[in-house]
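Notes to accompany the following structure.
Please read all numbers here as calculations on a predicted model, not as lab measurements. All chains are named by letter (A, B, ...) in the order of the sequence lines, taking the proteins before the strands, and each is independently numbered beginning at 1. Computed over heavy atoms, backbone and side chain alike; hydrogens, waters and symmetry mates excluded.
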Protein chains: 2
Amino acid sequence: MSDDSTPQRPFRDGPSHDALPPVAQHARQYETVRNAHETELIEDYVELIGDLLDHRGEARAADIANRMAVSQATVSKMIRRLNELGLVTSQPYRSLFLTDEGRKMAQTSRGRHDIVLHFLRALGVPDSTARIDAEGMEHHVSDETLAIMQRFTDEKDA
Amino acid sequence: MSDDSTPQRPFRDGPSHDALPPVAQHARQYETVRNAHETELIEDYVELIGDLLDHRGEARAADIANRMAVSQATVSKMIRRLNELGLVTSQPYRSLFLTDEGRKMAQTSRGRHDIVLHFLRALGVPDSTARIDAEGMEHHVSDETLAIMQRFTDEKDA
DNA sequence: CAACCAATTTAGCCTTGGCTAACAATGCGG
DNA sequence: CCGCATTGTTAGCCAAGGCTAAATTGGTTG
Ligand SMILES: [Mn+2]
Ligand SMILES: [Mn+2]
Ligand SMILES: [Mn+2]
Ligand SMILES: [Mn+2]
């Protein structure tokens, strides 16, 4: 079996690289990312539905499709999945509602999203860029880092 | 067609939410994330192959599989894709090499990755958490934000 | 140098998340 | 209350990225 166990550099005078992390730790990095990818789209849908309900009073599939820049068919299919996951309730051809679990997820996701967005702004990133970056970053920030971002923003805003 | 154009709150005394962004801007957020998802796995492979070549002198499929915590079959299939994309060269059953384009992508990705990782550490995030977060975040940080992170790290380290 | 073991590849399967085209229901304007 | 535009659903397609099982190759060792 291929070794890859004892970190060593064949050339002592090459450019100064950081050493590779141990295999187990390295593997955990990628696993964590793959896990995040499994839930992030779900979170974005639920969060958006919650926002639409809060701001508009209703969440219609057409609005979701427009905001996500995705076809109505894609939204319809995803709504079926959200239903199976117990996150939304919906009667055919009518507006959506979140279950208790869905509301909880929406709140959590919105919270993370806001912390990341406000952090980026506090760091000096212009709003429109901060919004774009936050949409992707939010799913990959650990609770630990999130707390640090929150603290940074609070101090900056004080 | 469903309106969703004039941002308005039905209840003036609800909890204070940020307003929804305009539809076009909101859509661009999600589009950008979808685009990043199309390239991020490729980037991770190429970056890892570059690291293995630098640190070990060779990049074997089994090592990639171990480090990514993925089956060898998955790696083999992905290598075919990287080949088709002109990022690696490989003879069957032998170690991998990067093309010029592959080396360029590896360098760019490694650069982004390091900036994000060093930024998180400068922010006070413990190393092992910073590594995990950086692995996911790196693909969603704009050049603009990256520059700001770089500056922050430099000042902190000075 | 034969045999075995590790590494690699291939085949075939699955889920997710996109799409288009065709069809069905809703709900208004007249 | 009818007709028609808008909205929502369904069917069927595709690519990406995982997996297991089986076949193949290559290297090492007795
Ligand atoms: Mn979000
Ligand atoms: Mn998001
Ligand atoms: Mn990386
Ligand atoms: Mn990565």
Side-chain angles (χ1 to χ4, degrees), chain A residues 1-5 23 27 30-46 48-49 52 56 58-85 87-97 135-136 139, chain B residues 1-5 23 27 30-46 48-49 52 56 58-85 87-97 135-136 139:
Chain A
M1 113 145 188
S2 157
D3 196 337
D4 195 33
S5 53
V23 177
Y30 295 114
E31 281 169 342
T32 304
V33 173
R34 282 196 299 272
N35 281 347
H37 284 161
E38 277 178 24
T39 54
E40 69 176 275
L41 188 58
I42 303 286
E43 287 171 9
D44 282 343
Y45 267 87
V46 169
L48 175 55
I49 291 168
L52 289 170
R56 294 293 198 289
E58 62 174 9
R60 307 183 66 63
D63 293 337
I64 298 173
N66 284 332
R67 295 221 162 239
M68 294 253 199
V70 128
S71 75
Q72 290 192 357
T74 295
V75 172
S76 193
K77 195 196 279 194
M78 185 61 63
I79 288 170
R80 187 166 48 241
R81 259 194 86 203
L82 297 177
N83 238 304
E84 287 161 5
L85 293 172
L87 295 167
V88 311
T89 60
S90 63
Q91 296 122 330
Y93 295 95
R94 312 240 351 231
S95 182
L96 301 176
F97 297 95
E135 190 62 74
H139 311 280
Chain B
M1 116 148 188
S2 158
D3 194 338
D4 194 33
S5 53
V23 177
Y30 295 114
E31 282 168 341
T32 304
V33 173
R34 282 196 298 272
N35 282 347
H37 284 162
E38 277 177 25
T39 53
E40 68 176 277
L41 188 58
I42 303 285
E43 287 170 9
D44 283 343
Y45 266 87
V46 169
L48 175 55
I49 291 168
L52 289 171
R56 294 292 198 291
E58 62 175 8
R60 306 183 68 63
D63 293 337
I64 298 174
N66 284 331
R67 297 223 161 238
M68 295 256 213
V70 129
S71 76
Q72 291 193 358
T74 295
V75 171
S76 193
K77 195 196 278 191
M78 185 61 64
I79 288 170
R80 187 167 47 242
R81 259 194 86 205
L82 296 176
N83 239 304
E84 287 161 6
L85 294 172
L87 295 166
V88 309
T89 59
S90 63
Q91 296 120 329
Y93 294 95
R94 311 235 359 225
S95 183
L96 302 176
F97 296 95
E135 189 62 73
H139 311 281

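Heavy-atom distances under 4.0 Å link DNA chain D to Lys77(B), Met78(B), Arg81(B) of residues 75-84 of chain B, given in residue order.
Considering only side-chain N and O atoms, Thr74(B) lies under 4.0 angstrom from the phosphate OP1 or OP2 of dC19(D). Within the 4.0 Å cut-off from OP1 or OP2 of dG17(D), not a single side-chain nitrogen or oxygen of Arg34(A) is found.
Nearest heavy-atom pair across His37(A) and His37(B) is NE2-NE2, 3.7 Å. The heavy-atom pair separating Tyr30(A) from Arg67(B) by the smallest distance is CD1-O, 3.2 Å.
With sequence neighbours excluded, the residues that form a side-chain contact (heavy atoms from CB on, under 4.5 Å) with Ala65(B) are Gln72(B), Val75(B). With sequence neighbours excluded, the residues forming a side-chain contact (heavy atoms from CB on, under 4.5 Å) with Glu84(B) are Arg80(B), Arg81(B), listed by chain and number. By the side-chain contact (heavy atoms from CB on, under 4.5 Å) test, Ser76(A) pairs with no residue at all, sequence neighbours left out. Residues forming a salt bridge (charged side-chain N to carboxylate O under 4.0 Å, His left out) with Glu58(B) (at least two apart in sequence, or on another chain): Arg60(B).
When heavy atoms are screened at a 4.0 angstrom cut-off, Ala73(B) is found touching base atoms of the nucleic acid.
Spacing between atom CD of Glu40(B) and atom P of dG18(D) amounts to 10 Å, rounded to whole angstrom units. Following rounding to the nearest Å, Arg60(A) (CZ) and dT26(C) (P) show an atom-to-atom distance of 12 Å. With rounding to whole Å, Gln91(B) atom CD is found 11 Å from dG26(D) atom P. Rounding to whole angstrom units, CG of residue Asp44(A) and C1' of dG18(C) are separated by 15 Å. The distance between atom CD of Gln72(A) and atom C1' of dG17(C), rounded to the nearest whole Å, is 17 Å. One atom, CG of Asn35(A), and another, C1' of dG17(D), lie 14 Å apart when rounded to the nearest Å. Separating the CG atom of Asn66(B) from the C1' atom of dA6(C) is a distance of 12 Å, rounded to the nearest angstrom. The nearest whole Å value for the distance from the CD1 atom in Ile42(B) to the P atom in dA16(D) is 9 Å.
Comparing His37(A) and Tyr93(A), the nucleotide of DNA chain C nearest to each residue sits closer to the 5' end for His37(A).
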Output a table of donor-acceptor pairs, distance under 3.5 Å, between side-chain atoms of residues 87-96 of chain B and any protein atom two or more places apart or on a different chain; print 'none' if there are none.
| residue | atom | partner | partner atom | Å |
| --- | --- | --- | --- | --- |
| Ser90(B) | OG | Asn83(B) | ND2 | 2.8 |
| Ser95(B) | OG | Ala59(B) | N | 3.1 |
| Ser95(B) | OG | Ala59(B) | O | 2.9 |

